[in-house]
A.B. asks: 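Please find one structure pasted underneath; my questions will follow.
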Amino acid sequence: AALAIVTLIAWLSARATLYTITNRRVAMRIGIVLTVTFNLPLRAIESASLRPYRDGCGDIALALAGRDRLAYWHLWPHARPWHLGKAAPMLRCVPNAEAVADLLARAVAGDTRVKPVSGAAVETGSHDGPKAAMPHGLPA
């Protein structure tokens, strides 16, 4: 019964999550019952790290610069594990993670010509994980 509940929570979390990268910010819409949106300006992102998986998806952890902080429990399960003191937002199970990480790196570097990378997914609609939406450089 406990495994069924955990599986149900994971499935619901994946269905209700939407990550959006624009030329100005990363937006994370998360929550199953109560939806919350975190808008992270690109200037507030100090670094990002990618953890790829064999199937092409991956996790992208964002380190926030300066005094910007988010509560670990507000982000959970979209927080980097074991970083309780300074919680790091994490984009979980992003499809085509390498292309999305490249897009994010170019956006953070200030490349004004940021466009979606071929095959880097615009809201796929699959039920396997969170959706990654990347508008065509539209201001947010």
Side-chain angles (χ1 to χ4, degrees):
L3 288 175
I5 290 171
V6 169
T7 302
L8 178 65
I9 290 172
W11 181 79
L12 289 171
S13 178
R15 293 268 306 162
T17 299
L18 177 68
Y19 304 125
T20 306
I21 300 172
T22 71
N23 63 341
R24 294 188 183 171
R25 70 190 70 242
V26 174
M28 301 172 63
R29 190 183 78 190
I30 60 177
I32 298 170
V33 176
L34 300 172
T35 303
V36 64
T37 301
F38 292 105
N39 287 306
L40 308 170
L42 293 179
R43 67 183 177 332
I45 298 174
E46 183 176 355
S47 65
S49 59
L50 170 66
R51 180 181 179 202
Y53 295 109
R54 283 187 234 169
D55 63 354
C57 71
D59 297 335
I60 302 173
L62 307 174
L64 300 180
R67 301 180 68 175
D68 295 325
R69 297 182 69 157
L70 295 169
Y72 184 86
W73 299 113
H74 287 147
L75 287 171
W76 188 87
H78 306 277
R80 190 171 183 184
W82 309 114
H83 286 78
L84 300 174
K86 187 170 182 182
M90 186 173 231
L91 311 179
R92 297 251 183 207
C93 293
V94 175
N96 200 356
E98 288 187 21
V100 175
D102 179 56
L103 175 76
L104 180 61
R106 288 187 288 133
V108 169
D111 187 351
T112 57
R113 301 164 297 154
V114 172
K115 294 189 180 180
V117 178
S118 154
V122 232
E123 192 163 339
T124 61
S126 79
H127 302 295
D128 299 329
K131 298 170 236 5
M134 293 168 285
H136 300 275
L138 299 174

A.B. asks: Can Leu40 be reached from Val36 by stepping across I, L, V, M, F, W or Y side chains whose heavy atoms are under 4.5 Å apart?
C.D. replies: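 Yes.
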
A.B. asks: State the CE-CE distance between Met28 and Met90, to the nearest 0.5 angstrom.
C.D. replies: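 Going from CE on Met28 over to CE on Met90, the span is 10.0 Å.
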
A.B. asks: What pair of heavy atoms forms the shortest contact from Ser13 to Thr17, and how long is it?
C.D. replies: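 The answer is O-OG1, 2.5 Å.
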
A.B. asks: State, to 0.1 Å, how close Tyr72 and Pro81 come at their nearest heavy-atom pair, and which atoms those are.
C.D. replies: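 The pair with the smallest heavy-atom distance is OH-CA, 3.9 Å.
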
A.B. asks: Is the closest side-chain heavy-atom distance between His78 and Phe38 below 4.5 Å?
C.D. replies: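 Heavy-atom side-chain distance check fails, nothing below 4.5 Å.
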
A.B. asks: Within this structure, what is the CG-CZ distance for the pair Leu42 and Arg106, rounded to the nearest 0.5 Å?
C.D. replies: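 Those atoms lie 12.5 Å apart.
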
A.B. asks: Do Thr22 and Thr20 make a side-chain contact, defined as non-hydrogen atoms from C-beta onward lying under 4.5 Å apart?
C.D. replies: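 Thr22 reaches Thr20 side chain to side chain.
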
A.B. asks: CG of Leu84 to CH2 of Trp76: how many Å apart, nearest 0.5 Å?
C.D. replies: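 Output value for this atom pair is 13.0 Å.
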
A.B. asks: Between Val100 and Pro95, which heavy-atom pair has the shortest distance, and what is it?
C.D. replies: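 Closest approach of Val100 to Pro95, heavy atoms only: CG2-O, 3.8 Å.
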
A.B. asks: Hey, are the side chains of Asp59 and Cys93 touching, using non-hydrogen atoms and a 4.5 Å cut-off?
C.D. replies: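 Yes - at least one pair of side-chain heavy atoms lies under 4.5 Å apart.
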
A.B. asks: Could you check Ile60 against Ser49 for side-chain contact (heavy atoms from CB on, under 4.5 Å), going step by step and ending with a plain yes or no?
C.D. replies: CA-CA 6 Å; Ile60 302 173; Ser49 59; over 6 Å; no

A.B. asks: Taking all heavy atoms of Ala97 and all of Leu50, pick out the closest pair and write down the distance.
C.D. replies: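 That closest heavy-atom pairing would be CB-CD1, 3.7 Å.
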
A.B. asks: Hey, what do you get for CZ (Arg92) to CZ (Arg80), rounding to the nearest 0.5 Å?
C.D. replies: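 Between atom CZ of Arg92 and atom CZ of Arg80 there are 10.0 Å.
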
A.B. asks: How many angstroms lie between OG1 in Thr37 and CG in Leu18, if you round to the nearest 0.5 Å?
C.D. replies: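 So the gap between those two atoms works out to 8.5 Å.
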
A.B. asks: Under 4.5 Å between side-chain heavy atoms, counting indirect links through other Ile/Leu/Val/Met/Phe/Trp/Tyr residues: same cluster for Val6 and Val33 or not?
C.D. replies: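 No, it is not one cluster - the side chains of Val6 and Val33 are not joined through contacts under 4.5 Å.
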
A.B. asks: Specify the closest pair of heavy atoms between Ala27 and Asn39, including all atoms of both residues, with the distance to one decimal.
C.D. replies: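 Looking at all heavy atoms of both residues, the closest pair is CB-OD1, 3.5 Å.
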
A.B. asks: Give me the atom names and distance for the closest heavy-atom approach of Ile45 to Val108.
C.D. replies: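 Minimum heavy-atom separation between Ile45 and Val108: O-CG1, 4.2 Å.
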
